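To start, the structure under review is shown below, and the notes come after it.
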Amino acid sequence: MSNSRRLGLVLCGLCAMRLGAATVSFLVIETGLPEGAGTGAYSGLWESGLLDVFFEAGHIVSNAPVLRLAQKPAGVFPDEALPDLAGAVEGGADFFILALLDYSAPPNGLIQKPRHVSLRLFQTGSRRLLYEQQYNDTGPDNPDLAYESLKRAARDLVPHLNDK
């Protein structure tokens, strides 16, 4: 087989793979941080980790700015996230992922990392919850070491894009 023919087959294969790419939008929601506190360091890590994992898996990714709520949302899909979902739908997203990070202060009062993380995967059109994963141990206290741990958690979501 000639080199040009091989190159053509490789290019066709790559194009076919991209046709299966989903568009995924992310929103990180923080709760439990004191009013006036800056964005939690782990919030940025979760945002970067989610974007990296889904991009590396061949999907088209976008995100909304981190949202701070005074308390944990009661429902599966918080009303405060509706404008971000609408923006994702308008941008053509197939899926919407909420990462809810609860920084509620531990008994010693020092907030270092989220005490609880909930990852929720939704189909954008129907707002149907496709998958949810809860994490109570959110990795090491060192943000550099935690990054690989949270990327493993984000990878758990990727296969569920096929749960349509």
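As a basis for the values below, the full set of heavy atoms in this structure was taken, side chains included, without hydrogen atoms, waters or symmetry mates. Keep in mind that this is a model prediction, so the values were computed, not measured.
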Tell me, do L101 and V28 make a side-chain contact under 4.5 Å, heavy atoms counted? yes
Among all residues two or more places apart in sequence or in another chain, which pass the side chain to side chain contact (heavy atoms under 4.5 Å, CB included) test with N63? F26, E47, L51
Validation row: S25, V61 side chains within 4.5 angstrom (heavy atoms): no
same_hphob_cluster(L121, F54) at 4.5 Å side-chain heavy-atom cutoff: yes
For Y131 against D156, the heavy-atom pair lying closest together: CE2-O, 4.2 Å
From S104 atom OG to H116 atom NE2, the distance as rounded to the nearest 0.5 Å: 10.0 Å
S48 side chain near L45 side chain, heavy-atom distance below 4.5 Å: no
Under 3.5 Å donor-acceptor, T124 side chain and D94 backbone: yes
Does one hydrophobic cluster hold both V53 and L130, with members joined at side-chain heavy-atom distances below 4.5 Å? yes
Are I97 and L69 in one and the same hydrophobic cluster, where Ile, Leu, Val, Met, Phe, Trp and Tyr link if side-chain heavy atoms are under 4.5 Å apart? no
Heavy atoms only: give me the nearest L27-P65 pair and the separation to one decimal. CD1-O, 3.3 Å
For L50 and L157: C-alpha separation, side-chain torsions, deciding distance, then whether side-chain contact (heavy atoms from CB on, under 4.5 Å) applies. CA-CA 9 Å; L50 286 164; L157 293 173; 4.1 Å; yes
With a 3.5 Å cut-off and no angle check, do the side chains of Q133 and Y135 form a donor-acceptor pair? no
Heavy atoms only: give me the nearest T23-G92 pair and the separation to one decimal. CB-O, 3.7 Å
If we only count heavy atoms from C-beta on, is the V117 to Q134 side-chain gap below 4.5 Å? no
Examine L67 and W46 and state if one hydrophobic cluster contains both, with Ile, Leu, Val, Met, Phe, Trp and Tyr joined whenever side-chain heavy atoms are less than 4.5 Å apart. no
Do you know the tightest heavy-atom contact between P73 and T31? CD-CG2, 4.2 Å
Between E30 and Y103, the two heavy atoms sitting closest are CG-CE1, 4.1 Å
side-chain hydrogen bond (donor to acceptor under 3.5 Å, both in side chains) contacts touching residues 69-88 (sequence neighbours left out): K72-D102
Heavy atoms only: give me the nearest A153-L119 pair and the separation to one decimal. O-CD1, 4.0 Å
Can you name the residues that form a side chain to side chain contact (heavy atoms under 4.5 Å, CB included) with R120, not counting sequence neighbours? L98, L100, S118, F122, L129, E132
Please answer whether the main-chain N or O of A21 pairs with a side-chain N or O of H59 as donor and acceptor at a distance below 3.5 Å. no
Are F77 and I29 connected, step by step, through hydrophobic side chains (Ile, Leu, Val, Met, Phe, Trp, Tyr) whose heavy atoms are closer than 4.5 Å? yes
Go through the steps for R115 and N136 under the test side-chain contact (heavy atoms from CB on, under 4.5 Å), then give the verdict. CA-CA 6 Å; R115 294 182 56 138; N136 288 321; over 6 Å; no
For the residue pair V24 and I60, establish whether any side-chain heavy-atom pair is separated by less than 4.5 Å. no
